[in-house]
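I have placed the structure first, in the form of structure tokens, so that the comments after it can refer back to it.
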Amino acid sequence: VQLQASGGGLVQAGGALRLSCIASGRTFSSPAMTWFRQAPGKEREFVAATNRSGGNTNYADSVKGRFTISRDNAKSAVYLQMNSLDSEDTAVYYCAAPCQYLSSRCIPDYWGQGTQVTVSS
């Protein structure tokens with residue numbers, strides 16, 4: 001599976017961004033998909049995950065109520081809608097797959113290249 005993330009950029013605090021991740025190279029509809037992020041000087045952390053149908057999701061406590069993960073299997077795509085952004089959300093965001101049980105401790109086999117999100121205060 002090859003994963004290509006996009007949609008990052010510079011946004012003011014309180015603003016919104018939508019990240020996209022396009023998968024190729026394998027049947028996309030199978031795996032649970034996830035987003036992770038890594039801020040400067042910090043370890044990579046789980047952000048959100050969604051199952052095959054998109055009907056089940058899991059979020060890190062820090063983004064609950066602000067971020068929404070979704071997917072479109074027809075387009076082999078997974079999205080991360082990020083609202084009410086603040087400086088703590090500044091990081092490189094990675095899409096990855098699979099995420100077993102949608103667990104925040106999942107260890108995906110496949111990773112995209114990452115897209116930078118910078119929130120200015």
### Nearest non-hydrogen partners of K42 and Q38, listed with the distance
O-NE2, 3.1 Å
### Task
Indicate if Y93 and F36 have the same hydrophobic cluster label, given that clusters are the connected sets of ILVMFWY residues with side-chain heavy-atom separations under 4.5 angstrom.
no
### Query
What's the verdict on ring-ring contact (aromatic ring centres under 6.0 Å, His included) for F67 and W35, showing C-alpha distance, side-chain angles and the deciding distance?
CA-CA 11 Å; F67 290 12; W35 288 94; over 10 Å; no
### Message
Does R37 qualify as a cation-pi partner of Y94, given the criterion of NZ or CZ under 6.0 Å from the six-membered ring centre and within 45 degrees of its axis?
### Response
no
### Task
State the OG-CZ distance between S6 and R18, to the nearest 0.5 angstrom.
10.0 Å
#### Entry: Nearest non-hydrogen partners of T34 and I69, listed with the distance
CA-CD1, 4.5 Å
### Task
Determine whether the side chains of Q116 and T118 contain a donor N or O and an acceptor N or O closer than 3.5 Å.
yes
## Note on the structure
To the nearest 0.5 Å, atom OG of S24 lies from atom CD of Q4 at 8.5 Å
### Summary
Minimal heavy-atom distance between S84 and D89, with the atoms involved, is O-OD2, 4.3 Å
### Query
With distance as the sole test, does N58 use its side chain to make a donor-acceptor pair with the main-chain N or O of A49 at under 3.5 Å?
no
### Task
For residues N56 and L102, report the shortest heavy-atom separation together with the two atoms involved.
O-CD1, 3.6 Å
### Message
Using 0.5 Å steps for rounding, measure from the OG1 atom of T50 to the CG atom of L80.
### Response
11.0 Å
### Task
Would you mind reporting whether L10 and S120 have side-chain heavy atoms less than 4.5 Å apart?
yes
### Message
Under the criterion side chain to side chain contact (heavy atoms under 4.5 Å, CB included), I'd like the reasoning laid out for T68 against Y79: C-alpha separation, chi angles, the key distance, then a yes or no.
### Response
CA-CA 8 Å; T68 302; Y79 307 102; over 6 Å; no
#### Entry: Side-chain heavy atoms of M33 within contact of L3, under 4.5 Å
yes
#### Entry: Shortest non-hydrogen separation from G8 to V117 and the atoms involved
CA-CG2, 4.1 Å
### Query
Quick check: does any side chain N or O of T90 sit under 3.5 Å from a backbone N or O of S87, one acting as donor and the other as acceptor?
yes
### Query
Backbone N or O of G55 within a donor-acceptor pair of the N51 side chain at under 3.5 Å?
yes
### Query
About how many Å separate CZ of R52 and CZ of R71, when rounded to the nearest 0.5 Å?
8.5 Å
### Task
Measure across N83 and A16 and return the closest heavy-atom pair with its distance rounded to 0.1 Å.
OD1-CB, 3.4 Å
### Query
Any link between V92 and V11 through a network of hydrophobic side chains (Ile, Leu, Val, Met, Phe, Trp, Tyr) touching at under 4.5 Å?
no
### Gap between atom CD1 of I22 and atom CD of Q2 - 0.5 Å precision
13.0 Å
#### Entry: E88 atom CD: more than 12 heavy-atom contacts under 6.0 Å
no
### D61 side, atom CG; F46 side, atom CZ - distance, nearest 0.5 Å
10.0 Å
### Query
Would you find a donor on one side and an acceptor on the other, under 3.5 Å apart, between the side chain of Q113 and the backbone of A5?
yes
